[in-house]
Amino acid sequence: MEVLTNSLAGLGAFLLYFSLSLAFLMLFKFVYVRFTPHDEWKLVKEDQNIAAAIGLSGSIIGYCLAIAGAATNSVNLIDFAIWGVVALFAQLIAFAILRFGFMPKIVERIEAGEIPAGIVMAATSVSVGLLNAACMTY
């Protein structure tokens, strides 16, 4: 019985961090589809746009990687929340840099269903998420 009790000792912290992670994920999706000039969710859900699905999936995975790094390295829930917000901004900045610096027509290309554009968007988002997570160590 003691083994079970010891194993479940962290359940409360897990539930808090996991709940906050899910809340951040929903917040990210809400903010991200409003930050981008095209509504990826609508493109995926209504238009069945594969390029948008790839790009949006990459941004979600990239953000989850970053908040996973934040959860791993944070010292408390407030610290985790701060780094969750930082991760959100990092993903938005990555989109802006890609759109305005490297692929000015990425929005139009994704709206047109060009799969390579969706892949580049996804790869950029996942890469930024990995870098973000790696940099959250202290």
Side-chain angles (χ1 to χ4, degrees):
M1 188 64 174
E2 185 178 334
V3 172
L4 182 61
T5 304
N6 289 339
S7 293
L8 294 176
L11 185 60
F14 163 79
L15 291 173
L16 287 171
Y17 276 84
F18 189 67
S19 298
L20 189 55
S21 296
L22 292 177
F24 267 119
L25 183 56
M26 290 186 291
L27 174 67
F28 173 77
K29 185 253 178 202
F30 178 82
V31 170
Y32 188 80
V33 298
R34 280 156 184 78
F35 179 80
T36 59
H38 55 295
D39 184 347
E40 289 92 341
W41 194 249
K42 178 187 172 295
L43 289 172
V44 171
K45 199 170 174 185
E46 294 176 17
D47 300 341
Q48 298 181 354
N49 184 316
I50 295 170
I54 293 168
L56 181 60
S57 297
S59 68
I60 290 170
I61 292 168
Y63 183 69
C64 284
L65 288 166
I67 60 171
T72 301
N73 294 298
S74 65
V75 294
N76 55 46
L77 279 176
I78 293 172
D79 188 45
F80 174 59
I82 290 168
W83 287 105
V85 171
V86 169
L88 190 148
F89 281 112
Q91 289 295 328
L92 298 179
I93 291 167
F95 173 80
I97 290 172
L98 181 61
R99 179 179 179 211
F100 297 114
F102 296 102
M103 291 185 74
K105 301 249 184 234
I106 193 157
V107 171
E108 294 84 0
R109 292 181 65 190
I110 288 174
E111 288 176 329
E114 292 184 30
I115 293 172
I119 292 171
V120 169
M121 185 72 254
T124 300
S125 296
V126 170
S127 298
V128 167
L130 281 169
L131 292 173
N132 197 353
C135 293
M136 287 185 192
T137 60
Y138 45 92

message: Are L20 and F14 connected into the same hydrophobic cluster when the rule is that any two of I, L, V, M, F, W, Y join if their side-chain heavy atoms are below 4.5 Å apart?
response: no

I82-L25 co-clustered via ILVMFWY side chain contacts under 4.5 Å: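 Shared cluster, no.
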
Pairwise salt bridge (Lys or Arg N to Asp or Glu O under 4.0 Å) hits with a residue in [range], at least two apart:
{"range": "residues 83-98", "value": "none"}
{"range": "residues 86-99", "value": "none"}
{"range": "residues 18-40", "value": "none"}

Show me the side-chain donor-acceptor pairs of residues 54-63 shorter than 3.5 Å, one per line, residues at least two apart or across chains.
from : atom 1 : to  : atom 2 : distance (Å)
S57  : OG     : A53 : O      : 2.7
S59  : OG     : L56 : O      : 2.7
Y63  : OH     : G84 : O      : 3.0

State the [atom1]-[atom2] distance between [X] and [Y], to the nearest 0.5 angstrom.
{"X": "F28", "Y": "F89", "atom1": "CZ", "atom2": "CZ", "answer": "12.0 Å"}
{"X": "L27", "Y": "I67", "atom1": "CG", "atom2": "CD1", "answer": "10.0 Å"}
{"X": "W83", "Y": "L88", "atom1": "CH2", "atom2": "CG", "answer": "14.0 Å"}
{"X": "I93", "Y": "F35", "atom1": "CD1", "atom2": "CZ", "answer": "8.0 Å"}

message: Run the side chain to side chain contact (heavy atoms under 4.5 Å, CB included) test against L8 and tell me which residues pass, sequence neighbours left out.
response: L4

message: Restricting to side chain to side chain contact (heavy atoms under 4.5 Å, CB included), what partner residues turn up for L15, sequence neighbours left out?
response: L11

query: Members other than M26 in its cluster, when Ile, Leu, Val, Met, Phe, Trp, Tyr link by side-chain heavy atoms under 4.5 Å?
result: none

Can you name the nearest heavy-atom pair linking [X] to [Y], along with the distance?
{"X": "L43", "Y": "H38", "answer": "CD1-CD2, 3.7 Å"}
{"X": "D79", "Y": "V75", "answer": "OD2-N, 3.0 Å"}
{"X": "F24", "Y": "A81", "answer": "CZ-O, 3.3 Å"}
{"X": "M136", "Y": "A87", "answer": "CE-CB, 3.9 Å"}

message: Within the 4.5 Å heavy-atom criterion, are V120 and L98 side-chain neighbours or not?
response: yes

Which donor-acceptor pairs under 3.5 Å do the side chains of residues 101-119 make with protein atoms, sequence neighbours left out?
from : atom 1 : to   : atom 2 : distance (Å)
R109 : NE     : E114 : OE1    : 2.6
R109 : NH2    : E114 : OE1    : 3.2

message: If the condition is salt bridge (charged side-chain N to carboxylate O under 4.0 Å, His left out), which residues does D47 pass it with, not counting sequence neighbours?
response: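 Partners of D47 under the salt bridge (charged side-chain N to carboxylate O under 4.0 Å, His left out) test: K42.
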
- prompt: What pairs meet the side chain to side chain donor-acceptor pair (under 3.5 Å) rule with one or both residues in residues 84-94, with sequence neighbours excluded?
  reply: none

message: Ring-plane angle category for Y17 and F80, please: parallel below 30°, perpendicular beyond 60°, tilted otherwise.
response: tilted

Donor-acceptor contacts under 3.5 Å from residues 125-133 side chains, at least two apart:
from : atom 1 : to   : atom 2 : distance (Å)
S125 : OG     : M121 : O      : 3.1
S127 : OG     : A123 : O      : 2.7

query: More than 12 heavy atoms of other residues, nucleotides or ligands under 6.0 Å from CG of L77: is that the case?
result: yes

task: List in chain and number order the residues that pass ring pair (Phe, Tyr, Trp, His ring centres under 6.0 Å) with F30, two or more places apart in sequence or in another chain; answer none if no residue qualifies.
output: none

